[in-house]
Amino acid sequence: ERTRAVVGDRVEAVRIDYPDAYPADEPQRRCPDVSRAATHLGFRPRISLDEGLRRFYGWALDEYVGLRAAG
């Protein structure tokens, strides 16, 4: 939903169930936390999540799909 809000309706959300082969202790949802990177490495994000999603989407169109180069 957040990605769709950032890059527009060009994104289709598809939920894929975990395969049966995944380990029983595989987390069902990941919530990344950069606080340890901030504490130990001094890392601080310099761009917002929304801007990062826009940049990634543009890069992915070129690298994975080739839509911009082809169209």
Side-chain angles (χ1 to χ4, degrees):
E1 292 170 3
R2 180 76 176 260
T3 303
R4 181 177 287 153
V6 171
V7 299
D9 289 332
R10 299 172 290 185
V11 176
E12 178 183 349
V14 177
R15 186 173 300 267
I16 300 172
D17 292 329
Y18 280 102
D20 292 336
Y22 270 38
D25 62 347
E26 179 72 18
Q28 295 296 304
R29 180 175 178 175
R30 290 171 174 78
C31 298
D33 178 3
V34 297
S35 64
R36 287 182 66 191
T39 301
H40 298 287
L41 304 173
F43 171 78
R44 299 283 187 274
R46 293 188 305 228
I47 62 168
S48 68
L49 174 60
D50 290 355
E51 177 61 21
L53 288 171
R54 273 191 288 278
R55 290 182 186 189
F56 174 77
Y57 187 73
W59 173 84
L61 282 176
D62 289 339
E63 294 297 318
Y64 289 119
V65 183
L67 287 179
R68 283 202 272 184

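Because the structure is a prediction, the values reported are computed rather than measured. Start at 1 with the first residue, then count along the sequence.
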Inset, instruction - In plain terms, say whether Glu51 and Arg54 are close enough for a salt bridge, that is, a side-chain N and a carboxylate O under 4.0 Å apart. - result: yes
Legend entry - Counterpart residues, ring pair (Phe, Tyr, Trp, His ring centres under 6.0 Å), relative to Phe43 (two or more places apart): none
Inset, instruction - Would you give the length of the straight line joining atom CG of Leu49 to atom OG1 of Thr3, rounded to the nearest 0.5 angstrom? - result: 7.5 Å
Legend entry - Qualifying residues under salt bridge (Lys or Arg N to Asp or Glu O under 4.0 Å), relative to Arg2, sequence neighbours excluded: Asp50
Legend entry - Hydrophobic cluster (4.5 angstrom, side-chain heavy atoms) - remaining members for Leu41: none
Legend entry - CZ-CG distance between Phe56 and Leu61, expressed to the nearest 0.5 angstrom: 9.5 Å
